[in-house]
Amino acid sequence: IIAITSLIFVILGSLLIYFMSHDVFGKMENVTNKMEQIATGSADLTQRIPNSGKNEVSKLANNCNLVIQSMENLVKNMQKEIIVLSESGTTLNDKVQTNAENISLVVNNITKIASQIDTQTSGIENISSTMENVDKDINNLDSKISEQTSAIQTSSSAVEEISSNIHSVDRNVNIIL
């Protein structure tokens with residue numbers, strides 16, 4: 001009887017140990033599997049590790065669920081920030097494109113102004129050359145006028161002398177006659 005009773009207690013103890021260890025190790029396996037999925041990046045962060053009871057494995061599962069919840073919140077926040085950054089990038093790209101177009105217009109305008117400056121410089125050089133020629137012509141005319149003035153003065157003196165001689169001859173003729 002003692003042997004049978006001992007055998008029954010051993011069988012019951014074995015069954016009790018089996019079911020308790022299966023429960024504990026089953027929960028540990030759930031925690032381990034879920035954490036492996038998180039570690040590889042293939043976890044569904046909306047799913048939680050089932051936990052019931054108040055033993056250490058349940059506390060571990062609960063703490064893992066809190067970590068998973070925090071990670072889910074971080075991922076959601078990162079997704080929102082990615083959208084904001086994408087929109088900011090698009091806006092920045094548009095502004096850069098607009099600024100590049102404006103800079104291109106400014107460069108084109110500067111090129112046109114430079115061309116106009118070259119044209120005006122060429123025109124001013126032509127005018128300057130023409131003014132130098134006009135100045136030379138004026139100096140030549142002034143020199144010729146001076147020469148002609150001198151010639152007129154010489155001619156005027158000669159005419160006066162001739163006129164004086166004619167008067168003198170006329171007087172002499174009048175005296176003779």
Side-chain angles (χ1 to χ4, degrees), residues 30-49 51 59-177:
N30 282 343
V31 170
T32 301
N33 288 340
K34 189 65 173 179
M35 295 311 287
E36 282 177 356
Q37 289 176 352
I38 289 172
T40 61
S42 62
D44 179 4
L45 296 178
T46 61
Q47 300 295 317
R48 301 294 181 258
I49 300 170
N51 65 342
K59 286 181 183 178
L60 178 61
N62 186 47
N63 287 334
C64 287
N65 284 337
L66 291 174
V67 169
I68 293 169
Q69 179 65 44
S70 293
M71 290 177 75
E72 180 183 9
N73 291 339
L74 284 172
V75 168
K76 286 180 182 176
N77 287 338
M78 287 175 68
Q79 288 171 338
K80 289 177 187 176
E81 293 301 319
I82 287 171
I83 291 171
V84 169
L85 285 173
S86 176
E87 290 171 354
S88 296
T90 301
T91 302
L92 182 61
N93 187 38
D94 291 344
K95 288 182 179 181
V96 165
Q97 184 66 30
T98 300
N99 286 343
E101 290 170 0
N102 289 339
I103 288 171
S104 178
L105 290 174
V106 168
V107 168
N108 286 339
N109 287 338
I110 288 172
T111 303
K112 287 178 184 177
I113 289 171
S115 174
Q116 291 173 350
I117 288 172
D118 289 343
T119 302
Q120 286 181 348
T121 300
S122 176
I124 289 171
E125 287 172 355
N126 288 339
I127 289 171
S128 176
S129 175
T130 302
M131 291 300 293
E132 287 174 5
N133 290 338
V134 167
D135 187 46
K136 287 177 186 176
D137 289 344
I138 288 173
N139 287 334
N140 286 339
L141 285 175
D142 187 42
S143 175
K144 288 181 181 180
I145 288 173
S146 292
E147 288 173 8
Q148 288 184 359
T149 301
S150 176
I152 289 173
Q153 286 175 348
T154 302
S155 296
S156 177
S157 293
V159 168
E160 283 180 15
E161 193 176 315
I162 291 172
S163 177
S164 173
N165 286 338
I166 290 175
H167 272 310
S168 174
V169 168
D170 187 41
R171 264 190 242 141
N172 284 338
V173 170
N174 282 335
I175 294 183
I176 300 179
L177 280 170

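Side chains included, hydrogens not; waters and symmetry mates left out as well; all remaining heavy atoms used.
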Among K80, E87, Q79, find the one that has a side chain to side chain contact (heavy atoms under 4.5 Å, CB included) with I83.
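Going through the options one by one, the only one that passes is E87.
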
So, taking the atom named [atom1] in [X] and the one named [atom2] in [Y], what distance separates them when rounded to the nearest 0.5 Å?
X: K144; Y: D137; atom1: NZ; atom2: CG; result: 9.0 Å
X: N126; Y: S129; atom1: CG; atom2: OG; result: 7.0 Å
X: L74; Y: E81; atom1: CG; atom2: CD; result: 11.5 Å
X: I103; Y: N108; atom1: CD1; atom2: CG; result: 12.0 Å
X: I138; Y: N133; atom1: CD1; atom2: CG; result: 11.0 Å
X: D170; Y: I175; atom1: CG; atom2: CD1; result: 10.0 Å

Check: [Y] main-chain N/O paired with [X] side-chain donor or acceptor under 3.5 Å:
X: S155; Y: A151; result: yes
X: S157; Y: Q153; result: yes
X: S163; Y: V159; result: no
X: S146; Y: D142; result: yes
X: S143; Y: N139; result: no
X: S122; Y: D118; result: no

Is there a side-chain contact between T90 and D94 (heavy atoms, below 4.5 Å)?
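Yes - at least one pair of side-chain heavy atoms lies under 4.5 Å apart.
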
Measuring only between side-chain heavy atoms, which start at C-beta, is N165 closer than 4.5 Å to E161?
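Counting from C-beta outward, N165 and E161 do come under 4.5 Å.
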
Among side-chain atoms of Q69 and N73, is any donor-acceptor pair under 3.5 angstrom?
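Checked: Q69/N73 side chains pair up, N/O donor to acceptor below 3.5 Å.
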
Answer yes or no: is there an ion pair linking K76 with E72, defined by an N-O contact shorter than 4.0 Å?
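A salt bridge links K76 with E72.
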
